[in-house]
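Written below as C-alpha cells is the structure these notes are about.
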Number of protein chains: 2
Amino acid sequence: MRFDDRKKRILSAIVETYIRTGEPVGSKTLSEFPGICVSPATVRNEMAALFEMGFLEQPHTSAGRIPSHLGYRAYIDGLMRVKPLTEDEKDGIDALFNIGDPDPDKLLADAAEALAEYTGCATVAMTTTPHYVTVEHIDIVPADESTVVLLVIASNGVVKSKVCRLGFRVNTGIADFFRKFANDRFCGHTLKDISAEFVTAVSVQLGDYSNVFNPLIVGIYELCKEVYDGQYYLGGREKLLTYNEYSDRALEIMKLISKRDELGPVIGNNPSGVTVFIGKENSLSQLMGSSLLVARFNIGENDCGTIGLIGPVRMDYSRLIPHLEYFAEKLGTLLSITYQRKTGDENG
Amino acid sequence: MRFDDRKKRILSAIVETYIRTGEPVGSKTLSEFPGICVSPATVRNEMAALFEMGFLEQPHTSAGRIPSHLGYRAYIDGLMRVKPLTEDEKDGIDALFNIGDPDPDKLLADAAEALAEYTGCATVAMTTTPHYVTVEHIDIVPADESTVVLLVIASNGVVKSKVCRLGFRVNTGIADFFRKFANDRFCGHTLKDISAEFVTAVSVQLGDYSNVFNPLIVGIYELCKEVYDGQYYLGGREKLLTYNEYSDRALEIMKLISKRDELGPVIGNNPSGVTVFIGKENSLSQLMGSSLLVARFNIGENDCGTIGLIGPVRMDYSRLIPHLEYFAEKLGTLLSITYQRKTGDENG
DNA sequence: TTTAGCACTCATCTCTTACGAGTGCCAACA
DNA sequence: TGTTGGCACTCGTAAGAGATGAGTGCTAAA
C-alpha cells in the first residue's frame, strides 16, 4: 500500500481539522476540502488504508477518525506546513522581552510565564550549567555587626548571593582574611568539583577556625551548588484546565510538571532546535496524554538551558513549533547580552 | 425563637457532618447523634427553626440541610470546639521548618508550599515592610571588568542584591566613589521615601556622571522597591482541584490567587490572630465560593507578613484554624531569629 | 479506480418510570 | 407544651426505551 499524495493530503486534513475542532473527522467533511476533490466513498477507502497503515484511530465504529501518534508524527515530520511567524507575531514575542537590564533569574521566570500566556500551554524553563564553568571570584561583604553577604561569581557570569548571619562580630580584618582564604581554595575549580567532600577538606584547612567559619564555607558550597544545578521555573500550569482533555487528569499532570526530578531529565537531554514528543512517545507515563515541545537556548555557542511547552496532544504544532523556536532564540540572544563575556573561549 | 442549647448542638452536628461528608444532613442522621437524643421529627422541628433563623440552607425540598454562611459563622464564633494541636502535630509543623540557616525569601516560599501540602488548601504568603524601615547600607562589589554586584541592606535586616552590567570598566576607585556617594544620599531615608522622583533628584547631583552611573542608581531604586514591596508567594494552588466544589471554577480561582494586586489588599489588612472569611463574607466575588483563613506573623513586636489559606467553604475549621495559628507563630519565631536585630527599637 | 446506494453500528438525546431520601404537617401522647 | 409516629408530598437520581443521526463498510455499477 503506497502512502501516496492523496493519502498525505487526507491525513493532513484530518490532523488539522481534529486539532481545530477536537471532534473525530468524517469522510463527508473531508470530501468538501479544497485539496480533496473526491467523493466521501473514495475518502472512506483512503481512510481505511490510512487506518491499516496505523496513521489513524477510530474512537468507535460509527465515529469519524482521529490521528494516531504515528499520524501526528508523520504530519509533523513531513506533511505539516509550518506557518512562519508574521512580523506582528515576532513583535509580539519581542515585546515580551522588552525589559531593560534584566535580572537573568527573573528573565527566565518571566519568560516561562509569558510563553504560557502566549501559547495557552504550561511551560517549563530550565538552565543548565556546563561542566567546565569554574568559580571565578568569591566575595564577602560585611553588612552588619554579625551579618555578611556572601557572593559567588562563576566564570559564565552568573552571580549568586546569600546573606549569612554569624555568631560573632565580623570586622574588615576577618573579612579580608576569609576572602583571601576562600578565593585561594575555590577559585579556578569547576562548580562540578565542589562537592560536600571538597568543602569538608577545605574546612579542615582552617584548623581551629573551621567551626567559626563553617557557616560561610557551607554558604559557598550552597551557592556553587545553586549555580551548578541551575534553575527550574514553571509557568501557566493552570492553562491546562482550559482543555477538556485534562478534565480528570489536571491534578496529576500539574503535580508532575512541578517535579524537577522527573521532568528535568526528560527536557534536559535533547538536540538543538525544537524536539517534539507526541503523547505515547513520552517516557513518563503521566505525560502520555500530552505533547511536549522542547527547545534549547544557547549563549553564544554554549548550551545554556531548555524551555518546554506542555499541552494536549491535539495542539497546534504548525503554529507552536516556530513560535517556540523563535522564542528560544530570542531568549538566548537576550541572555547572551547579559552574559556577554566568556562564551566559548574556555570550553575545553 | 430562642437559640437554645439543643439548637446549638444540632447546628454543630450539621456543620461538622457536612464538613466531613459534603452531603446535606438529614433529620434521621442527626437523631442518631450521641448528643441529640430525640426523634427525627423533633430534629425536623428544630431544623425548621434554625432555617427560619438563617443558619441553614436547603439545596432542594427533598434534601437535608446544609449550613448557611451565618451557620458557619455561628459555629466558628461560638460553637466549634477547637482541637488543640497534639504534640505530634506540633512536631510535624516544627519539622517543616527544620532547616539550618534559612534564606528568608526561600523560607517563606517553602513555608507556603509546606502549609499547602499540610492542609490540602492553597496558600498565600506575603511580607510587608513597615514604613519606618530605612536604607542602612549600600555596597557595590566589582565582580568582573564591567560587572558589579549591588547590595542594599535595610534597617530591618533584609538584604537584596542585584547584578549590574555596566558599559565601562569599574576599578576600585570608581567603586569607592560610588559607594560613598550612594551611602551619603540614600542611607537613613525610609524605603517608602525612595520614589522615582527621589532617585531622579539624586541622579542630577551626579552632574556629568549621571548618565554613567544611572544604571546603578536605578538598580538601587529597584532593590529598595523590592524590599519595600515585600514578597508574595503562592503554594499548592492545584490542591483545590481535589475538591469537587471547584470542578468548574478551578481556573478562575487559581488565576485570582496569583494576582497579588487583587488578593494582597484583602489578606494584608487584618488584625492579629487568625481571621476567617466564610464564602460570601469575602469582598472579592471570585472568592465567594471559598473560605479564606488569614494569620499575621510578627518579628518581635512588628507586623511582618501574612499567611493565608484558601479552600472550600466546607473546610475543617476546627483543625485548620489552630494549625494556621501555630504555623504563623512558628514562622514569626524563625524569622525573628533570622532578623534578630532591630525589632522595635526604632519604630516611631 | 471511483462512486452511489444501502444496511449497519453506536453514541447521544429525550422521555418515561421507578425509587428513595428527606421534608412538612397533623394528630396523638406524656 | 414539647415530643413523637404516621403519612402524603417533593424532587433529584438512576435506569430503561425509543428515536435520531453521524459515520462506517461493503457491494455493485459506471
Side-chain angles (χ1 to χ4, degrees), chain A residues 1-11 13-15 17-18 20-68 71 244-245 247-248, chain B residues 1-11 13-15 17-18 20-68 71 244-245 247-248:
Chain A
M1 201 148 16
R2 270 188 60 239
F3 187 35
D4 58 30
D5 204 53
R6 189 168 67 191
K7 286 193 184 63
K8 288 177 182 170
R9 282 204 304 278
I10 289 176
L11 179 56
I14 291 173
V15 174
T17 309
Y18 182 62
R20 208 179 57 246
T21 66
E23 302 285 309
V25 188
S27 54
K28 186 153 170 284
T29 315
L30 289 167
S31 75
E32 285 158 5
F33 261 70
I36 305 163
C37 303
V38 287
S39 75
T42 312
V43 175
R44 278 204 291 282
N45 289 333
E46 296 287 50
M47 283 167 91
L50 286 165
F51 179 72
E52 282 288 304
M53 294 159 88
F55 292 130
L56 297 180
E57 282 175 3
Q58 202 168 15
H60 57 264
T61 325
S62 69
R65 297 304 215 294
I66 62 174
S68 68
N244 44 18
E245 274 92 339
S247 55
D248 55 349
Chain B
M1 203 152 7
R2 269 190 61 239
F3 186 36
D4 57 31
D5 204 53
R6 190 168 67 189
K7 286 193 184 62
K8 288 178 183 172
R9 281 205 305 278
I10 289 176
L11 180 56
I14 291 174
V15 173
T17 309
Y18 182 63
R20 208 179 58 246
T21 66
E23 302 284 310
V25 187
S27 53
K28 185 155 171 282
T29 315
L30 288 167
S31 75
E32 285 158 5
F33 261 70
I36 305 164
C37 304
V38 286
S39 74
T42 311
V43 174
R44 278 205 291 282
N45 289 333
E46 295 288 50
M47 283 167 92
L50 287 166
F51 179 72
E52 282 287 304
M53 294 159 90
F55 292 130
L56 297 180
E57 281 174 5
Q58 203 168 15
H60 56 265
T61 325
S62 69
R65 297 305 214 292
I66 61 174
S68 68
N244 43 21
E245 274 92 338
S247 57
D248 54 348

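In what follows, every chain begins at residue 1, and chains take the letters A, B, ... in the order their sequences are listed. Note that this is a predicted model, so its numbers are computed, not measured.
Here the rule is side-chain contact (heavy atoms from CB on, under 4.5 Å) with Val25(A), and of Ile10(A), Ile66(A), Thr17(A) only Thr17(A) fits it.
Regarding Lys28(A), its NZ atom lies at a distance of 15 Å from the C1' atom of dA4(C), rounded to whole Å. Rounded to whole angstrom, the span from the CD atom of Glu32(A) across to the C1' atom of dT3(C) amounts to 16 Å. One atom, CD1 of Ile36(B), and another, P of dT3(D), lie 13 Å apart when rounded to the nearest Å. In this structure, CD1 of Ile66(A) is placed 15 Å from C1' of dA11(C), rounded to the nearest angstrom. Taking atom CD1 of residue Ile10(A) and atom P of nucleotide dT24(D), one finds them 11 Å apart after rounding to whole Å. Met47(A) has its CE atom 14 Å from the P atom of dC26(D), to the nearest Å. Protein atom CD of Glu46(A) is 15 Å distant from nucleotide atom C1' of dG25(D), rounded to whole Å. Straight-line distance from the CD atom of Glu57(A) to the P atom of dT24(D): 15 Å, rounded to whole Å.
Among the atoms of the strands shown, only primed sugar atoms or phosphate atoms (P, OP1, OP2) are found under 4.0 Å from some heavy atom of Ala63(B). Heavy atoms of Thr61(B) sit under 4.0 angstrom from primed sugar atoms or phosphate atoms, though from no base atom.
Ser31(B) places a side-chain N or O within donor-acceptor distance of the main-chain N or O of Lys28(B), the cut-off being under 3.5 Å. Without hydrogens or angle criteria, Lys7(B) side chain to Arg2(B) main chain gives a donor-acceptor distance under 3.5 Å. Checked by atom type and distance alone, the side chain of Thr42(A) never pairs as donor or acceptor with a backbone atom of Val38(A) at under 3.5 Å.
You'll find a donor-acceptor pair under 3.5 Å spanning the side chain of Arg44(B) and the base of dG6(D), going by distance alone.
In this model, the phosphate group of dT2(C) is approached by a side-chain N or O of Arg6(A) to a distance below 4.0 Å at OP1 or OP2. Proximity of Ser39(A) to the phosphate of dT2(C): no side-chain N or O atom is located under 4.0 Å from OP1 or OP2.
For His60(A), counting side-chain heavy atoms from C-beta on, the closest listed nucleotide (dA11(C), dG25(D), dT23(C)) is dA11(C). Checking dG23(D), dA21(C), dC26(D) against every side-chain atom of Ser62(B), the shortest atom distance belongs to dA21(C).
Mapping Gly64(A) and Pro40(B) onto DNA chain D via the closest heavy atom, the residue that lands nearer the 5' end is Pro40(B). Toward the 5' end of DNA chain D, the nearer of the two residues Pro59(B) and Asn45(A), judged by each one's closest nucleotide, is Pro59(B).
Cation-pi geometry between Arg65(A) and Phe51(A) is met: the NZ or CZ atom falls under 6.0 Å from the ring centre, inside 45° of the normal.
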